[in-house]
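Order of the sequence lines fixes the chain letters, A, B, ..., with proteins taken first and strands second; residue numbering starts at 1 for each chain. Note that the structure is predicted; figures quoted are calculated from it, not measured.
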Amino acid sequence: MTDTDVMNIAKKRGFLWSSFEIYSGVAGFFDYGPLGAILKNNIINKWRRYYVVREGFYEIESPTIMPGEALKASGHVDHFTDPMTECKDCMEVYRADHIIRDAIDKDVEGLENQKLTEIISKNKIPCPKCGGHLSHVWSYNLMFQTLIGAKGKKTGYMRPETAQGIFIPFKRLLRFFRGKLPFGAVQVGKAYRNEISPRQGVIRLREFTQAEAEIFVNPSNKKHSRFSAVADQTLTLFPAENQVKEAGTVKVKAGDAVQNGIISSEILTYQLCLAERFLSELGIPDEALRFRQHLPTEMAHYAIDCWDVEVKTDRFGWIEIIGIADRTDFDLKSHSQYSNEDLRVFIEYDEPKTLKKVVAKPDMKKFGPMFKGNSPKVKYALEEVDAGTVQKSFEDEGFFDVEVEGEVYKLTPDLVGFEEKTETIRGEKIFPHVIEPSYGIDRILYSVLLHAFRNDGERAYLKLPVDMAPVSVSVFPLVNKEELAEIAHEIRDNLRLKDIISEYDASGTIGRRYARSDEIGVPFAVTVDHETLEDKTVTIRNRDDLKQVRVPLKDVYNILRSLLTGEKRFEDLDA
RNA sequence: GCGGUUGUAGUCUAGUCUGGUUAGGACUUGGGCCUUCCAAGCCUACGACCCGGGUUCAAAUCCCGGCAGCCGCACCA
């Protein structure tokens, strides 16, 4: 299996190690070894080029420990849980709501634990396995809890997603972006989930890295200004409808997907396209990618539309590596409520709206003598009432009663005048909607390794994209002779001074060195041989086809640089 | 979290049933020899009984507990 081969290389050559090994390890935690750490940074930096540089979203960094209130507002304290029950006899543990649903065919999602416990005991629901008694229902919260401060009075949690760290300083962000939608902010960092039983290597971690963008948009305008740039891009979609009908995926052009209403908005579709380009630059082939729409039942209740980018793996099947959701205004609204801060945005109309309306104008010269000290109150009360109602009452009854603090005052037409007024409304305050692409970096790194792996029987190697490979250049002396070794060392040191990560290797035969170098995906190898001594040329070898070209020593850096930036391809070099 | 199963160098493995030499081999890795382009050969070195208790004169081996991996179930807002 590819997974086995890749994980072997990852472990052996320093990409991924399970953590705390000398203490026999803890499930759900992984170390990035020397090469893994570089690869991860390469992926993240490419992500930044996509989202921060090209999209113009800015990156922020917020704490990984969050106070309870913030996660109460986001819903994680109450809802990021599973209701659990345990059989008192055989100790088997179950999801309480699933037990009930299976036993009495009733959907009890969202009920409190006490209610669930009651339902179980009232209906005498037994353990499905041994028939024993089930315990009371408790909530298993997937967040790691901790205490903040010396006295530990304040409950804190390790953040379960980086997104909340962007919603919370929304007012500051809005000010930074000078009050105008749309804008986006991103965060790259660790998030934590205390999974019940993580057993899928780097696929389900208890501590993992997310790269998330939160894009704030006007709910009434989910178009995208650069949509035309992606409209012709073909996406492999797996819409909810097809999943239900057990039909397959469909290939659709982005523009058509919006037109046909398969994807709910331009801006969401644009994000799908962006994700696809990103992954394909990481070397993940199109046929191993699909966009799966969430079924209405699995979608969080606040989302309108949500698409997972899934990648095909030999061991785990299709796994989610990116989630792209329209989260609507749920988060901002909720934080607004809990914090009493106005997290709305003022949207100015294209044209101010003018409203013509009739207002009642009390004649204060007459009000004063008549109502004495109460006249201001009567005036305010009158202004509260719709002027039309007053007018109508005058016509029908000849008077109008206003009630102020329990007392009724009779107004007659001679006390009140009417005036037509035009009011200008320049805009309104709204909660923006949030479009959220959320990348699981660890899973992406795994996918990159998985799909870079090649084994043609002769050799096993990682065909990593040139800008992803942790080590860019290997430098070898053809044979282990002092004169050759010296030049090879110089070349390596010179490349390092110019920011190209390179390694020297003189151990074993030349073939073994190439093999070692290929195994970790080094795209190019420079070999110093006897000819170098005569005419100051070296060979550059291409990892993917084993071909070599001879180039002048003085040009080595420039050539490698242009190969590594993608300016030139190896095939275009003069042989 | 439950049940089954497995833990010997970086990797694969012998030894465990039936307790008893210095825990053996292969590959890998480091050093050297040889070598004019793709894991060759020779010499040499480093490197292991998952952890903790117990039984015993003696434990890699038997017993108990823990941890981890794998498989199945469950779980994955």
Show me, pair by pair, the donor-acceptor contacts under 3.5 angstrom made by side chains of residues 472-490 of chain A, not counting sequence neighbours?
| from | atom 1 | to | atom 2 | distance (Å) |
| --- | --- | --- | --- | --- |
| A/Ser474 | OG | A/Ser517 | OG | 2.8 |
| A/His489 | ND1 | A/Ala485 | O | 3.2 |

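Across A/Thr2, A/Leu16, A/Leu450, a single residue satisfies side chain to side chain contact (heavy atoms under 4.5 Å, CB included) together with A/Met7, and that is A/Leu16.
Every residue two or more places apart in sequence or in another chain that forms a salt bridge (Lys or Arg N to Asp or Glu O under 4.0 Å) with A/Lys12 is listed here: A/Glu519. Take A/Arg206 and apply the side-chain hydrogen bond (donor to acceptor under 3.5 Å, both in side chains) test, not counting sequence neighbours, and it matches A/Asn194. Partners of A/Glu503 under the side-chain hydrogen bond (donor to acceptor under 3.5 Å, both in side chains) rule, at least two apart in sequence or in another chain, are A/Arg496. For the side-chain hydrogen bond (donor to acceptor under 3.5 Å, both in side chains) test, residues two or more places apart in sequence or in another chain that qualify with A/Asp78 are A/Lys72. Residues satisfying the salt bridge (Lys or Arg N to Asp or Glu O under 4.0 Å) criterion with A/Arg541, sequence neighbours excluded, are A/Asp518. Applying the salt bridge (Lys or Arg N to Asp or Glu O under 4.0 Å) test to A/Glu571 and every residue at least two apart in sequence or in another chain returns A/Arg569.
To the nearest whole angstrom, the two C1' atoms, one in B/U56 and one in B/U11, are 35 Å apart. The separation of B/G20 from B/A59, taken at their P atoms, amounts to 11 Å, rounded to a whole angstrom. Straight-line distance between the P atoms of B/G66 and B/G3: roughly 10 Å, to the nearest whole Å. Comparing the P positions of B/U16 and B/U21 gives an interatomic distance of 12 Å, to the nearest angstrom. Here, B/C42 and B/U6 have their C1' atoms 39 Å apart, quoted to the whole Å. Nucleotides B/U5 and B/G52 place their P atoms 25 Å apart, quoted to the nearest Å. Distance noted for atom C1' between B/G10 and B/G47: 9 Å (whole Å). B/C34 and B/G24 are spaced 32 Å apart, taking the P atom of each and rounding to whole Å.
The phosphate of B/U28 (OP1 or OP2) has no side-chain N or O of A/Arg516 nearer than 4.0 angstrom. Between A/Arg513 and B/U29 there is no side-chain polar atom (N or O) within less than 4.0 angstrom of OP1 or OP2.
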Checklist entry - Could you write nucleotides 41-51 of chain B as a row of B, S and -, 5' to 3', where a protein heavy atom under 4.0 Å of any base atom gives B, of only sugar-phosphate atoms gives S, and otherwise -? => result -----------

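The distance from atom CG of A/Asn542 to atom P of B/C38 is 17 Å, rounded to the nearest whole Å. When the P atom of B/C38 is taken as reference, atom CD of A/Gln548 falls 9 Å away, rounded to whole Å. In this structure, A/Arg459 atom CZ and B/C37 atom P are separated by 18 Å, rounded to whole Å. At whole-Å resolution of the value, CD1 in A/Ile203 and P in B/C70 are 12 Å apart. Taking atom OH of residue A/Tyr23 and atom P of nucleotide B/G52, one finds them 12 Å apart after rounding to whole Å. For A/Asp5 and B/C12, the CG to C1' distance is 14 Å, given to the nearest whole Å. In this structure, the CZ atom of A/Phe29 is 12 Å from the P atom of B/G69, given to the nearest Å. Residue A/Glu482 contributes atom CD, which lies 11 Å from atom P of B/G32 at whole-angstrom precision.
Under the Watson-Crick or G-U wobble criterion, with both distances below 3.5 Å, B/C42 is paired with B/G32. When Watson-Crick and G-U wobble pairs are counted only if both distances are under 3.5 Å, B/A26 pairs with B/U11. Pair assignment for B/C62 gives B/G54, based on Watson-Crick or G-U wobble hydrogen-bonding distances that are each under 3.5 Å. The partner of B/C70 is B/G4, judged by Watson-Crick or G-U wobble contacts that both fall below 3.5 Å.
Aromatic ring orientation, A/His335 versus A/Phe167: tilted (interplanar angle from 30° to 60°).
Residue A/Ala515 has its side chain nearest to B/A39 when only B/C75, B/C37, B/A39 are considered. Closest to the side chain of A/Arg315, from the set B/C70, B/C37, B/C38, is B/C70. Distances from the side chain of A/Lys11 to the nucleotides B/U11, B/C38, B/G31 place B/U11 closest. Distance from the side chain of A/Ala27 is smallest to B/A68 among B/A68, B/C38, B/C37. With B/G30, B/U36, B/C37 as the candidates, the nucleotide lying closest to the side chain of A/Val479 is B/U36.
Residue A/Arg543 is out of contact with every strand shown, counting any heavy-atom pair closer than 4.0 Å. Base contact: A/Asn480 has a heavy atom under 4.0 Å from a base atom.
Only A/Thr527, A/Asp529, A/His530, A/Thr539, A/Arg541, listed by number, bring a heavy atom of residues 519-541 of chain A to less than 4.0 angstrom from any atom of RNA chain B.
For A/Glu195 and B/C75, a side-chain-to-base donor-acceptor distance below 3.5 Å is absent, hydrogens and geometry of angles not being considered. One cannot find a donor-acceptor pair under 3.5 Å joining the base of B/C75 and the side-chain atoms of A/Tyr140.
For the pair A/Ile501/A/Leu495, no side-chain contact is recorded, criterion being any heavy-atom separation below 4.5 Å from C-beta on. In this structure, A/Ile441 and A/Lys40 have side chains that are in contact, with non-hydrogen atoms separated by less than 4.5 Å.
In terms of position on RNA chain B, the residue among A/Gly201 and A/Lys12 whose nearest nucleotide sits closer to the 5' end is A/Lys12.
At least one donor-acceptor pair closer than 3.5 Å links the side chain of A/Arg159 to the backbone N or O of A/Ser62.
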